[in-house]
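What follows is a short report on a single structure.
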Amino acid sequence: MAELSVGSSSRLLLSVRYDAESNKAQMLWYDLESKTLVKELDATGHGPYCLTNVPPNEVLSKNWSSEIVVKCEEVTKWNLLEEKEVKLTKVIVDKPTDVIKVRNQLENTWESHIKYHHNWIYDLGIIPGGLYSKTENTEESQSTLRYRLIHDFRQMEARLKEMQIPQVIQEILERYGDLMDNYRDVFNQPIPEIRCAAVDIETKYDEMSFPSPQKAEYPVIAAAMATNEGKDVVFLLREQEGDEEVVKQLKVKGSLQEVILRYFSREEDLLKSLFKELNEYPLIFTFNGDNFDFAYLYHRAKRLKIDHPFVVRGAGGRGGREYLLSNAVHIDLYHFFSNPAIKTSAYGNAYPTNSLDDIADTILGERKIQLEGRIDEQELDALAIYCLNDAQLTLQLALARDRTALQLMILLGRICKTPLEDLNRSRVSSWIRNLLYFEHRRKNYLIPNQRDIYDVIGRVTPHQAMMKDKKFKGGFVVEPIPGVHFNVAVLDFASLYPSIISAKNLSYETILCRHPECVNNVLGDTEYWTCTRRKGMLSNLLGFFRDVRVLWFKQQAKEKDNPLSSLYQSIEKSLKVLINATYGVMGSEFFPLSHISIADGTAATGRWAIRQIIGKAEQLGVRVLYGDTDSVFLESPTKDVIETLIKWSTEHLGFDLELEKIYRVCILSRRKKNYLGILEDGSYEIKGLLGKKRNTPPFIQRAFQEMVNILTDLKDPTMLPDIRERIKKLLKSYYNSVEKRRIPIEELAIAVHLTKNPEDYEMETPFVKVAKQLEEKFGRKITRGMIIRYVRTNTPEGSMAVELAKVEDIDVATYKTYLDSTFEQIIDVLGISTREIHGQVNLMQFFQK
DNA sequence: ACCTGTGGCGAAACAC
DNA sequence: GTGTTTCGCCAC
């Protein structure tokens with residue numbers, strides 16, 4: 001990254017907040033020269049406001065309880081829904097909370113629900129995470145920001161010239177000229193090195209319960225700070241001796257590391273020293289700091305009556321509080337890594353739980369240190385190593401693989417105009433909302449209330465009778481043709497839903513529009529139509545993101561010698577996250593800029609498209625064996641057929657169909673969303689089958705794996721009898737092991753991820769019973785997010801926690817039925833019955849005799 | 001205050 | 001007994 005040119009007078013906008021003390025928006029800059037945090041208050045005189053259709057004099061003549069209305073201004077906005085200019089009153093108030101008071105007094109208000117610091121960003125057109133430099137001209141600084149975005153797309157432009165094939169980009173530029181102009185600043189700014197640190201603490205605790213951050217009744221015994229400057233500090237409580245700082249070589253992760261150890265006899269001094277050190281770094285990472293470490297430190301400091309560096313935001317409750325730092329930006333990586341959009345789109349759902357241990361294992365290949373005995377009874381060195389290791393893992397999570405996580409956060413922040421502090425704590429719907437709000441403000445469009453959208457479009461009844469607790473119908477799943485199929489081609493539509501939204505011009509202001517001529521522009525065979533007169537904002541943005549990602553960033557990211565490769569990989573991933581989530585948020589009742597018809601119409605068009613392909617394939621004489629939402633599985637199609645289908649799709653449907661893969665062997669059971677596909681090179685894909693699920697006992701997973709290994713030898717139908725015999729033999733030995741109780745307890749464990757606290761379940765399932773048993777027996781609080789491991793037993797309760805059960809307790813019959821159902825999904829297709837394995841003859845053999 | 005969606009399978013409890 | 005509901009986990 002060093003070669004990227006950024007002047008030393010540049011600053012990176014780490015975050016924007018509302019500062020209650022000054023009643024102003026506050027910028028938190030990272031100064032590239034001094035490498036420190038610089039705070040700056042808004043100097044443009046911007047104030048909180050909302051819009052209303054009540055005329056200014058009427059607003060002013062209302063009997064406001066105090067001096068909350070500063071002034072009223074007439075403003076003109078474009079109403080996208082109504083397609084007309086509207087004159088509104090901008091009611092400017094003193095404090096952000098006054099907006100609520102105004103909203104409660106006036107019948108119609110707009111934009112009153114937007115957080116003040118977000119509103120400030122939209123109004124000033126600021127890019128959070130962007131690189132800025134101070135402007136020379138201070139004349140204009142009274143009313144505008146004193147910074148200018150650094151335009152640094154020289155690299156990209158040079159590259160375009162060098163390649164001499166800018167046609168693709170040229171096409172994008174022409175189609176999305178306005179967006180391209182506005183987003184290339186966002187896409188082409190480098191991400192400079194930022195000084196940062198990660199923090200972790202340990203406390204004393206009670207026999208019975210996990211330390212409560214709100215009570216903070218036990219002393220902090222250790223804190224560790226790992227930095228990206230090679231400086232690691234551990235703060236330790238050592239009551240008997242005097243305070244001391246030593247530099248010591250400690251063995252962390254198998255290697256000797258130089259660590260600064262600070263010993264304190266008083267906890268107050270430990271905390272003061274930690275807080276002072278926290279001030280030295282502009283960017284601080286924690287793993288679960290909002291829910292534990294920083295919450296604990298905050299309450300502990302209050303209890304001990306010492307100054308603390310925290311700024312607490314949020315009301316508490318289920319959403320929890322946010323513990324910001326007054327002189328740094330606090331990023332809680334737990335929020336980021338547990339965010340479903342990040343988890344699935346950026347990390348491919350790779351980590352099994354959202355614990356530091358599992359995420360570190362998946363991303364870094366390293367785990368937490370396993371301690372023997374209680375944390376608060378360790379030798380001081382062992383405690384220091386344990387605590388420091390957690391802090392180092394946290395830092396590595398943010399910085400590993402070319403700073404992937406940090407880059408993703410900064411880029412998503414830039415694209416979605418969301419400050420880092422908010423981005424890392426909020427979900428994808430907030431990001432997309434902020435992005436769309438910013439675009440509205442940029443174009444002077446009125447941001448509608450959700451009610452306005454429903455008033456104008458009307459309350460359509462989603463397309464067909466719905467299943468209960470579903471708002472609309474989703475994808476179409478083809479009834480599979482069970483059997484062992486050879487040479488199966490899988491064709492699928494490239495990002496179908498985003499393509500539909502883009503190609504069919506779906507957006508809240510274009511769907512079911514009121515122009516008479518648009519009524520004929522229907523979506524597939526649905527009742528919906530979209531506008532032919534104007535381009536929808538959502539559709540345009542999504543199309544732009546998709547095209548620029550596929551045509552530019554994905555291509556460029558592949559080139560290893562490209563200095564922008566790492567940045568472009570992160571941009572490509574950021575765009576993927578947003579593209580993948582857009583259809584989902586459109587179907588969410590909480591998303592303010594949506595109407596149910598957008599999601600319903602998208603899914604309906606998807607069903608139409610896949611049915612068209614199925615019809616065409618059959619017309620070409622090819623059997624469709626299976627398909628799900630955007631894919632079709634074709635039985636031994638010729639190259640010609642595949643090419644014809646792909647061409648036909650582009651020409652007649654307007655969607656790109658692709659040959660995804662060819663399975664040498666594809667085993668389809670009678671179940672949907674369950675199959676095994678073996679590719680030409682012998683690698684395979686298991687989808688949906690029980691043998692792959694995380695809550696299947698390990699020994700069954702292993703047995704299933706062995707069966708799959710046998711199946712990968714399968715090349716043609718003549719080999720089936722041999723394969724059958726090998727599988728029968730394998731399964732018999734597994735049933736035998738279960739019967740003889742030769743499987744270790746650990747291998748029999750069923751692992752279930754709790755989605756609620758045990759007391760909140762309506763049904764007393766085995767895992768709920770076990771969770772409650774564990775709470776009673778060990779006095780350990782079991783909470784949502786934890787994993788319960790249990791085995792099925794002969795005891796009256798029917799199940800037992802793994803750590804309590806013995807081999808004799810195991811209910812052999814239950815495990816045999818588990819084996820049955822896991823294997824039945826594959827073997828009945830092969831012509832083997834479970835009864836046959838159990839030593840009984842099946843019907844076919846009976847008649848053959 | 002916060003929150004992407006629907007379709008589908010299997011285990012087990014619950015309702016009758 | 002059966003049918004329905006709740007729950008977790010997965011496909012897309």
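Sequence lines set the chain letters: A, B, ... in the order given, protein chains first and strands last, and positions in each chain run from 1.
Residues passing the side chain to side chain contact (heavy atoms under 4.5 Å, CB included) test with A/Ile481, sequence neighbours excluded: A/His485, A/Arg623, A/Leu625. Every side chain to side chain contact (heavy atoms under 4.5 Å, CB included) that A/Ser594 has, sequence neighbours left out, goes to A/Met586, A/Phe591, A/Ile598. Scanning for salt bridge (charged side-chain N to carboxylate O under 4.0 Å, His left out) contacts around A/Arg103 gives an empty result, with sequence neighbours left out. With sequence neighbours left out, A/Tyr323 forms a ring-ring contact (aromatic ring centres under 6.0 Å, His included) with A/Tyr298. Take A/Phe292 and apply the ring-ring contact (aromatic ring centres under 6.0 Å, His included) test, not counting sequence neighbours, and it matches A/Phe210, A/Tyr296. Qualifying ring-ring contact (aromatic ring centres under 6.0 Å, His included) partners for A/Phe544, counting only residues two or more places apart in sequence or in other chains: A/Tyr176, A/Tyr183. Listed by chain and residue number, A/Asp492, A/Ala494 satisfy the side chain to side chain contact (heavy atoms under 4.5 Å, CB included) test with A/Glu658 (two or more places apart in sequence, or in another chain). Residues meeting the ring-ring contact (aromatic ring centres under 6.0 Å, His included) test with A/Phe633, sequence neighbours left out: A/Tyr626, A/Tyr675.
A/Ser426 comes within contact range of the sugar-phosphate backbone alone, with a heavy-atom separation under 4.0 Å but no base atom that close. Using a 4.0 Å heavy-atom cutoff across all strands shown, A/Glu589 reaches no nucleic acid atom at all. No contact: A/Phe493 has no heavy atom under 4.0 Å from any strand. Across all strands, A/Gly584 comes closer than 4.0 Å to base atoms (heavy-atom distances). Residue A/Ser430 is classed as a sugar-phosphate contact, given heavy-atom separations below 4.0 Å to backbone atoms only. Residue contacts for A/Phe591: at a heavy-atom cut-off of 4.0 Å it reaches no nucleic acid atom on any strand shown.
Using a 4.5 Å heavy-atom cutoff, the side chains of A/Pro592 and A/Tyr437 are in contact.
For A/Tyr790 and B/dA11, the shortest distance from a side-chain N or O to OP1 or OP2 is not below 4.0 Å. At least one side-chain nitrogen or oxygen of A/Lys672 sits closer than 4.0 Å to the OP1 or OP2 atom of B/dG8. Distances shown here put every side-chain N or O of A/Thr755 at or beyond 4.0 Å from the OP1 or OP2 atom of C/dC7. A sub-4.0 Å separation between OP1 or OP2 of B/dC3 and a side-chain N or O of A/Ser588 is absent. OP1 and OP2 of B/dT6 both lie 4.0 Å or more from every side-chain N or O belonging to A/Tyr497.
In this structure, A/Glu479 atom CD and B/dG7 atom P are separated by 15 Å, rounded to whole Å. Straight-line distance from the CD1 atom of A/Ile342 to the P atom of B/dC3: 14 Å, rounded to whole Å. Going from atom CG of A/Asp422 over to atom P of B/dA1 covers 15 Å, rounded to whole Å. The separation between A/Phe472 atom CZ and B/dT6 atom C1' is 7 Å, rounded to whole Å. Remark: P of B/dC9 and CG of A/Leu668 are 13 Å apart, rounded to the nearest angstrom. Atom CG of A/Asn580 is separated from atom P of C/dA11 by 16 Å (rounded to the nearest Å). Distance CZ (A/Phe590) to P (B/dC2): 12 Å, rounded to an integer number of Å. Atom CD1 in A/Ile788 sits roughly 17 Å away from atom C1' in C/dC9 (whole-Å rounding).
In this structure, A/Tyr684 has its ring center no closer than 6.0 Å to that of A/Tyr663.
Within residues 814-823 of chain A, the residues approached by DNA chain B to less than 4.0 Å at the level of any non-hydrogen atom are A/Tyr818, A/Ser821, in residue-number order. Less than 4.0 Å separates DNA chain B from at least one heavy atom of each of the following residues of residues 683-701 of chain A: A/Leu690, A/Lys693.
A donor-acceptor pair is defined here as one N or O able to donate and one able to accept, closer than 3.5 Å; no such pair exists between the side chain of A/His335 and the backbone of A/Ser426. Under the 3.5 Å distance criterion, the side-chain polar atoms of A/Lys692 are matched with a main-chain donor or acceptor of A/Ile686.
With P as the reference atom, B/dT4 and C/dC12 are 22 Å apart, rounded to whole Å.
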Under 3.5 Å, which protein N or O atoms sit close to an N or O of nucleotides 13-16 of chain B? Give each pair with its distance.
residue, atom, partner, partner atom, Å
B/dC14, OP1, A/Glu764, N, 3.2

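Here the side chain of A/His753 is nearest to one of B/dC9, C/dC9, B/dC3, namely C/dC9.
Residue pairs meeting the salt bridge (charged side-chain N to carboxylate O under 4.0 Å, His left out) criterion with at least one member in residues 747-756 of chain A, sequence neighbours excluded, are A/Arg702-A/Glu747.
Each of A/Gly475 and A/Val585 was assigned the nucleotide of DNA chain B with the nearest heavy atom; the assignment lying further toward the 5' end belongs to A/Val585.
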